[in-house]
Amino acid sequence: MSGARGALGLSLQAARPRWLWGAAGLLLALGAVLGAWRWRRGAGRRRRFRLQRVGTVLKLFVYPVKSFRGLAVPQARVTLMGLQSGELRDRFWLVTKEDGHMVTARQEPRLVLISVGSEDGCLTLEAPEMKKVCVPVKLPRKNPVRNCRIFGLDIQGRDCGDEVAQWISTFLNSGPYRLVHFEPSMVPRKSKDIINLFRTTDEVAYPDCSPALIISEASMEDLNTRLEKKVKIENFRPNILVADCGAFEEDTWEDILIGDVELKGTVCCARCILTTVNPDTGVLDRKEPLETLKSYRLCDPSERHIYKSSPLFGKYFAVDKTGTIRVGDPVYKIVQE
């Protein structure tokens with residue numbers, strides 16, 4: 001009996017490896033088929049889209065307070081509502097009249113002389129002949145929420161207090177003005193309500209209409225060859241300045257990739273008298289560079305219902321995929337094949 005049992009045991013031991021090897025072989029074959037299928041799907045996606053390098057990020061700017069001086073930063077987080085550096089988000093603060101209507105450098109050009117910074121959880125403001133003032137990024141709940149109005153659209157903002165309101169009014173020798181902050185729980189403005197070519201998902205706090213504005217270095221150089229007095233990129237307040245491309249090539253970009261961020265081109269930026277504010281003196285010229293731009297950068301007649309008589313300089317982008325961008329990042333056009 002023991003001999004038979006032993007013989008049976010040996011035969012089972014001998015048979016088990018053959019069975020296991022067969023099953024393993026089947027699994028390997030199945031894995032190979034699945035792997036090939038996945039690879040083909042991936043390869044198919046790569047065949048449908050390719051990346052074409054079109055430039056390099058030269059500078060990045062964040063403008064925490066609308067119309068105040070921007071911050072040049074080495075890198076920025078790109079959210080669905082625009083760029084962010086640390087606690088400072090692009091155009092999340094706004095100067096208003098006491099009735100809530102926005103105030104920008106179009107009405108008060110010396111706003112461009114106010115510098116912003118971040119320090120110990122505060123937004124800091126500095127201006128010529130003014131003592132630095134600090135405003136907590138996270139405001140007390142007791143501060144009232146104000147109803148504001150930007151280009152005819154309603155939006156809220158929490159009041160930043162009397163000290164900074166008086167500081168701004170004193171510097172401008174005008175007002176009285178208030179400073180408000182957009183908080184994440186508040187309802188943003190729909191870009192589509194401003195320009196119909198945006199998608200229903202595109203939203204902003206206090207920017208004119210779009211989460212991001214891109215201009216190329218070549219476009220700036222082209223403009224300056226036509227001007228008696230050269231202007232700076234600060235006249236145009238872009239978020240991303242791109243090098244290594246042709247003048248106005250950014251107008252043609254639809255879907256682009258920078259770092260791990262995907263951006264969707266929407267419309268060109270129609271320019272106004274804000275571009276004629278000297279960023280170093282805060283003086284409104286009302287003529288240049290706007291008049292020169294009008295001589296060669298007007299839209300096609302078929303697009304006049306969008307841009308009217310305003311010249312175009314730079315392009316607005318919405319955010320398809322959030323992430324981080326850095327100075328020096330390649331800019332790729334996502335090309336559908």
Side-chain angles (χ1 to χ4, degrees), residues 57-74 76 82-83 85 88-95 102-118 123-130 132-133 167-168 170-174 177 179 206-210 212-243 247 250 269-294 297 310-316 327:
V57 175
L58 181 62
K59 291 184 178 180
L60 293 170
F61 298 97
V62 177
Y63 306 88
V65 188
K66 191 174 182 70
S67 281
F68 286 19
R69 186 167 288 168
L71 283 174
V73 296
L83 274 63
S85 177
L88 302 184
R89 300 187 63 173
D90 192 74
R91 297 171 174 97
F92 262 48
W93 283 265
L94 173 73
V95 176
M102 73 171 182
V103 177
T104 73
R106 299 169 183 87
Q107 300 86 33
E108 292 284 359
R110 294 183 75 239
L111 286 174
V112 303
L113 301 180
I114 302 178
S115 299
V116 301
S118 180
L123 169 77
T124 61
L125 304 180
E126 296 182 80
E129 300 180 10
M130 296 290 293
K132 181 168 71 172
V133 67
W167 188 94
I168 293 170
T170 299
F171 174 67
L172 296 175
N173 192 26
S174 184
Y177 295 131
L179 183 70
Y206 305 139
D208 283 3
C209 64
S210 177
L213 173 64
I214 295 180
I215 296 176
S216 71
E217 180 185 40
S219 299
M220 275 296 304
E221 291 172 348
D222 181 275
L223 172 61
N224 275 326
T225 63
R226 304 165 189 265
L227 293 170
E228 289 186 15
K229 185 178 179 182
K230 296 185 186 301
V231 293
K232 298 180 175 182
I233 192 60
E234 286 80 4
N235 286 72
F236 300 98
R237 305 174 69 83
N239 296 109
I240 305 171
L241 180 65
V242 176
E250 63 270 27
C269 180
R271 292 302 181 167
C272 68
I273 60 167
L274 186 61
T275 61
T276 72
V277 176
N278 185 315
D280 297 323
T281 64
V283 174
L284 178 67
D285 177 83
R286 290 190 176 273
K287 292 182 178 179
E288 294 294 358
L290 195 60
E291 292 301 318
T292 297
L293 282 173
K294 286 180 178 179
R297 287 294 296 167
S310 298
L312 310 180
F313 198 79
K315 188 164 184 177
Y316 286 126
V327 171

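Given the structure is predicted, the values throughout are model-derived calculations rather than measurements.
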Chemist: Kindly compute the distance separating CD1 (Ile168) from CG (Leu179), expressed to the nearest 0.5 Å.
Modeler: 4.5 Å
Chemist: Hey, could you give me the OG1/CE distance between Thr225 and Met220, rounded to the nearest 0.5 Å?
Modeler: 10.5 Å
Chemist: Test your reading of the model: is there a side-chain donor-acceptor pair from Tyr177 to the backbone of Thr170, 3.5 Å cut-off?
Modeler: no
Chemist: Once you round to the nearest 0.5 Å, how far does NZ of Lys287 lie from CD1 of Ile273?
Modeler: 13.5 Å
Chemist: Return the OG1 to CG distance between Thr292 and Leu290, rounded to the nearest 0.5 Å.
Modeler: 9.0 Å
Chemist: Determine the minimum heavy-atom distance between Ala105 and Ser67, stating which atoms define it.
Modeler: N-OG, 2.9 Å
Chemist: Would you indicate whether the side-chain heavy atoms of Pro64 and Leu123 approach each other to under 4.5 Å?
Modeler: yes
Chemist: What's the shortest heavy-atom distance between Tyr63 and Gly70, and which atoms?
Modeler: CD2-CA, 3.3 Å
Chemist: Quick one: are Ile233 and Phe61 in side-chain contact, heavy atoms under 4.5 Å?
Modeler: yes
Chemist: Would you say Arg91 and Asn239 make side-chain contact, with heavy atoms under 4.5 Å?
Modeler: yes
Chemist: Measuring only between side-chain heavy atoms, which start at C-beta, is Leu125 closer than 4.5 Å to Phe171?
Modeler: no
Chemist: Looking only at heavy atoms, which two atoms of Pro109 and Val277 are closest? And how far apart?
Modeler: O-CG1, 3.7 Å
Chemist: Rounded at 0.5 Å granularity, tell me how far CD in Glu250 sits from CG in Leu241.
Modeler: 9.0 Å
Chemist: Under 3.5 Å, is there a donor-acceptor pair between the side chain of Arg106 and the main chain of Leu274?
Modeler: no
Chemist: Looking at SG of Cys269 and CD1 of Ile215, how far apart are the two atoms once the value is rounded to the nearest 0.5 Å?
Modeler: 7.0 Å
Chemist: Hey, does the Lys NZ or Arg CZ of Arg271 hover above the aromatic six-ring of Phe236, less than 6.0 Å from the centre and inside 45° of the axis?
Modeler: no
Chemist: Does Glu221 offer a backbone N or O that forms a donor-acceptor pair with the side chain of Asn224 under 3.5 Å?
Modeler: no
Chemist: Using modelled atom types only, decide if a donor and an acceptor are shared between the side chain of Ser216 and the backbone of Ser219 within a distance under 3.5 Å.
Modeler: yes
Chemist: Which atom names give the shortest non-hydrogen contact between Pro74 and Leu60, and what distance separates them?
Modeler: O-CD1, 3.9 Å
Chemist: Are Arg69 and Val116 side-chain neighbours, meaning at least one heavy-atom pair lies under 4.5 Å?
Modeler: no
Chemist: Any side-chain heavy-atom pair from Leu172 and Arg110 closer than 4.5 angstrom?
Modeler: yes
Chemist: List the atom of Arg237, the atom of Val112, and the distance in Å for their closest heavy-atom pair.
Modeler: NH1-CG1, 4.4 Å
Chemist: More than 12 heavy atoms of other residues, nucleotides or ligands under 6.0 Å from CG of Asp280: is that the case?
Modeler: yes
Chemist: Determine whether Ile114 and Trp167 make a side-chain contact, defined as any pair of heavy atoms from C-beta on separated by less than 4.5 Å.
Modeler: yes
Chemist: Tell me the closest heavy-atom pair linking Asn278 and Lys229, and the distance in Å.
Modeler: ND2-NZ, 4.2 Å
Chemist: Less than 4.5 Å apart, side chain to side chain, heavy atoms only: is that true for Asp208 and Lys66?
Modeler: yes
